[in-house]
Amino acid sequence: MRTISYTEALREALQEEMTINPDVFLMGEDIGIYGGAFGVTRGLLDKFGAERVRDTPISEQGFVGASIGAALAGSRPVVEIMFMDFITLAVDQMVNQAAKLHYVLGKQARCPMVLRTVGGGGRCYGPTHSQSLEAWFTHVPGLKVVAPSTPADAKGLLKAAIRDDNPVIFMEHKLLYGCRGEVSGDPDTVIPLGKARIARAGTDVTLIAWSWMSAEAGRAAEDLSTQGISAEVIDLRSLIPLDIDTIIASVKKTHRVLIVQESCRTGGFGAEISARISETVFDYLDAPLLRLATPDIPLSASPSLERAAMPDRSRIFEAARKLVEG
Amino acid sequence: MRTISYTEALREALQEEMTINPDVFLMGEDIGIYGGAFGVTRGLLDKFGAERVRDTPISEQGFVGASIGAALAGSRPVVEIMFMDFITLAVDQMVNQAAKLHYVLGKQARCPMVLRTVGGGGRCYGPTHSQSLEAWFTHVPGLKVVAPSTPADAKGLLKAAIRDDNPVIFMEHKLLYGCRGEVSGDPDTVIPLGKARIARAGTDVTLIAWSWMSAEAGRAAEDLSTQGISAEVIDLRSLIPLDIDTIIASVKKTHRVLIVQESCRTGGFGAEISARISETVFDYLDAPLLRLATPDIPLSASPSLERAAMPDRSRIFEAARKLVEG
Amino acid sequence: MRNWYRSMLVMRLFEEKVEKLFSDGVIRGTTHPATGQEAVAVGVCSVLKKGDYITSTHRGHGHFIARGGDPRRIMAEIFGKVTGYSRGRGGSQFMADYRLGFLGGNGITGGSIPIATGTALSAKIKNTGKIAVCFFGDGASNQGTFHESLNLAGLWKLPVVYVCENNLYAMSTHVDKAIPIPHIADRAASYGIPGVVVDGNDLLAVREVMQAACIRARSGAGPTLVECKTYRHSGHSRGDQRIYRSREEEALWLTRAPIRRFRAVLIKRGALNQENDRRLRREARAIVTEAVRFAKQSPDPDPATLEEGVFA
Amino acid sequence: MRNWYRSMLVMRLFEEKVEKLFSDGVIRGTTHPATGQEAVAVGVCSVLKKGDYITSTHRGHGHFIARGGDPRRIMAEIFGKVTGYSRGRGGSQFMADYRLGFLGGNGITGGSIPIATGTALSAKIKNTGKIAVCFFGDGASNQGTFHESLNLAGLWKLPVVYVCENNLYAMSTHVDKAIPIPHIADRAASYGIPGVVVDGNDLLAVREVMQAACIRARSGAGPTLVECKTYRHSGHSRGDQRIYRSREEEALWLTRAPIRRFRAVLIKRGALNQENDRRLRREARAIVTEAVRFAKQSPDPDPATLEEGVFA
Ligand SMILES: Cc1ncc(C[n+]2csc(CCOP(=O)(O)OP(=O)(O)O)c2C)c(N)n1
Ligand SMILES: Cc1ncc(C[n+]2csc(CCOP(=O)(O)OP(=O)(O)O)c2C)c(N)n1
Ligand SMILES: [Mg+2]
Ligand SMILES: [Mg+2]
């Protein structure tokens, strides 16, 4: 199979879905000629024109809300928020409008929109350009939350998100854009939302992660194997819907869990995973359920501080080793 | 001691702090002559004038942001957001501005502001007037989150919040406003943020809750005692800072925990409590850590559906009884 | 024309009934009556075509009725019954009928402005010929959503008409204490779109302005901001003692009340006489009575359905 | 006047140096140079009093320098060093010096507009006589915060001056593709406040307009919206190839460049000659060189301090 980057995979998904379905259109700041701050939409303006690749003024609340309206009227908008940190401005539209429409108004109200955005640190962009805010949206019934960690997943999940009839928060990661991997060129290859991926099978400990942390967990698992520790890595892919079955099956096998979360510890989605495991397979646990996360601080711009803050391959390795060796 | 309502207690706190400190002022929609949608600020306009009890246009983002600016310039604003559901509009200002200033800019930047708002269901106000969104803000380093459940706590904690040099989200509850209780009339009585309250001591099971759920948990504990079950009720009072020591001490005593949360289950603060307990006192647990919460749905306006959704005295009783009796 | 008159009567009687039911404790939750604003709702909706979109507000029963909503199902929703438009899930502020193009009330002041804008955007991209009408209040015009949305619409020349019902108050706050200029319509200039002030208590005037705005929207020339000056005779929501305004002011506005005024027009034009006026009132009353009966005898939603339908 | 000239030179050389350091990979993160916008920063700050507040943007090095910030500590912050204004925590977009009344850059476009408004509100309530100046870009004027804040300020007659640096672009988006009217200053009318357009590349013109606006603010008459028409000569941020605009347009604007223009004025007025021009340039260069030296030799923040200072 071909090897392409995460960025290219996302672009392919957009391009294929726009080609298949004329109702799909894109909206966001500087997504046209500029191709988006991270280049994901580069070239799409030329292919589809300014009506379907629509540069917006800097008005996150306005254009996210407009995408909801467009979805209700039968379009399938994919909007880009340049950095996840700015999703703060669109919270009301996503939470009080998009998320609630179907539950309250029933089948007549369908809101098939995707909000693409990019979270995460590692690029020294500082406190307001490095946040991972996915946890908030997992606490909002009616929103799906997706966070791919590989090029193949990026493409397959974005296609599924676009085809989904619900509002989807689609979280990309700065450090993943350049990563390369094998990706199907078949426009029919879609990865369903709600199925986790066992990125690596193992027996001694389960590492649960999503987005960039999945990639780091995978590398940590390699390192662990050199120490004779067999780690299973579960890449959640989507947080909502959550594939709890895959988690449970793994816990029943390994009896030890390390949840790895990039965002600050308190109130992150790792807590939810921990709570779910406690509620469902408590008796299978042989060791405390642990989380690895950024401490409860904003991420700094300074490389030295940012590096010190974020979980990474070696910290995952250490935490998992301790957990297994007790 | 005198008995007054939660509403009156809040009003006393505002009045006392405004009297003591001329830097304190109030801002919000219809807080002047109308006295606020729930009457908390009633009468304060007459006492302090329109400069310090300031009606605003409907501009949550704008006036919350203005309160941050005022705080940075040496005032101590207390802003009211009429329903917690509308805090969605002020998320950016709280998260990307208020919360980060002190960590990034250091001591020079102090943001002593309180954002008062009211969460919760039970009044059939429907999906966009009944939410409890406190969990989001626990995931934002730099914000304190307070949620009193009694008149005494309402007064003492609000005074502490106003005196605190950090931005504080102060969550009230619709169903608590009318509740009455003994409240100190001494303007020096302040309840520090970060100390939980053992609302009832017990030995068989720990019920952990905040806001309205604390009140319901207290009543459930009474019911449990008639069945010979001794429940300890921890009223968190403040979620951030979290009094983990009080929780740990209780778990070590009872070995069983039921966390009661009004907001929808997934991603709520109950998950964080669960995760913390797993991480710290896993070995003391004799039963799965359980959460009781509203299912992952918006709250309906219909009385029958709303009642069916929210945890209450009897559901807490049932869940705790099952947990203890195994 | 008599239809419009009847529609206004239904709207008025409906709201009065709802207020009564609330104060009697028959209904729970909250409600925002649009008493006195009938000419806006009916005037605006009277110029729309099938398929056009409307977004409404927290004060939306009248918009819904004027757009052809079934008063029985609206009332049932307010009662929280399963026969309501939202099967009891939404309540007074949150119901819709998409077949009528009525996209729903909104609990968030200003929350529907981007959404209406987006339906117009979709209509433009898909070239459906539909237009959108966005109702909101004077208070809502101070929200960021107003600014961002009107800018998008002005920029992209979207087929949308923004109808600001300036009823002088946002809850207790007089418009002069919230907006430092006399006419909200003048804000249209910030977005390169026309702003028009109209007497919102004059149904025919509202129609005239709206007709022009709709033609403009349909022709591709872009949006219009229409400010309808009106007054809410009732309190903001249940329990409002209206201490923020004088009884004199209220009395003055009663003399300008839209239904009475339109009746005078009809009589003058010979379209109405005492007899058919009485008949129309009887009909309107019967519609509201039937709505209450329907709502009362409808069942509550089944709690077993509580978790259904979060996702499509 | 020579001070202003020197300040502009420092600002220019500083930004050029930062761009170079970024493209050489010496600094990480991102940066937004204000090359070409020197007359706004220096002109505005030159009329302010000690204690007055400023809020800045993502493009804020120049504002900070013009307000008296220490170029060494600014540079150190950009380097992420502990000697930086935010001890490396904030980076290019997020540093401040409250003693100078410089309340900080802002990573959120439009995010500082309510905050500046709030400092003015506090100044008014506390009657300190201070005023606030709020910098933001053409792009930011499309944010809801702009609307909500200017409305509050107009309503309450707050002592604040809103300075919109219209540099024709928000990132790649030409202002004509974002705003359907020719002058952002005209948006002031929505809030009952004066809006003034000024040539932002003419330092003396900026000063004049700002002086009037500050007098107005200090006198209690309320806010002003000042739109400075200018141009950013550099790319938006590092890595920007400027494919969204022509080299001809850039060349045209170079002929209007503010430093060159102000130099001509100074020479004409006899305030500058070749010799002291050369000296001032040397001084400016030395300041920037020293800033880089200082930043380079400063230590990184100690990771052990990572969790300190989240709360006051
Ligand atoms: C974002 C938000 N803020 C505040 C409220 C509370 N609220 C409901 S209606 C209302 C007044 C709205 O005034 P206006 O827009 O003039 O409409 P009117 O009520 O006069 O019809 C307020 C403040 C709300 N529902 N949403
Ligand atoms: C809320 C938000 N949206 C988008 C961005 C990304 N962004 C940073 S600067 C910028 C352009 C700002 O344009 P303008 O206000 O004209 O200022 P300029 O860059 O021209 O100085 C954008 C879109 C951001 N930082 N914050
Ligand atoms: Mg109104
Ligand atoms: Mg610009």
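Proteins get letters first, then strands, A, B, ... in listed order; numbering begins at 1 in each.
Cation-pi geometry between Arg245(D) and Tyr169(D) is satisfied (NZ or CZ under 6.0 Å from the ring centre, within 45° of the ring normal).
Among the candidates Val160(D), Leu158(D), Leu155(D), Ile113(D), the single residue satisfying the side chain to side chain contact (heavy atoms under 4.5 Å, CB included) test with Leu150(D) is Ile113(D).
Taking every heavy atom of both residues into account, Met95(C) and Ser86(C) meet most closely at CA-OG, 3.3 Å.
Ranked by heavy-atom pairs shorter than 4.5 Å toward chain D, the options Asp176(C), Thr145(C), Asn142(C) are led by Asn142(C). Ranking Ala189(D), Gly154(D), Ser149(D), Ala178(D) against chain C, the residue ahead of the rest is Ala178(D), based on heavy-atom pairs under 4.5 Å. Options Ile193(C), Ile181(C), Ile184(C) differ in how many heavy-atom pairs under 4.5 Å they form with chain D, and the most are formed by Ile181(C). Contact tally against chain D (heavy-atom pairs below 4.5 Å) for Gly144(C), Gly192(C), Ser190(C), Ser141(C): the top residue is Ser190(C).
Side-chain atoms of Tyr162(D) and Thr117(D) form a donor-acceptor pair, as typed in the model, at a separation below 3.5 Å. Residues His63(D) and Gln37(D) bring no donor and acceptor atom of their side chains to less than 3.5 Å of each other.
For a residue to count as touching a neighbouring chain, one of its non-hydrogen atoms must lie under 4.5 Å from one of that chain's; by this rule Lys157(D) does not touch chain C.
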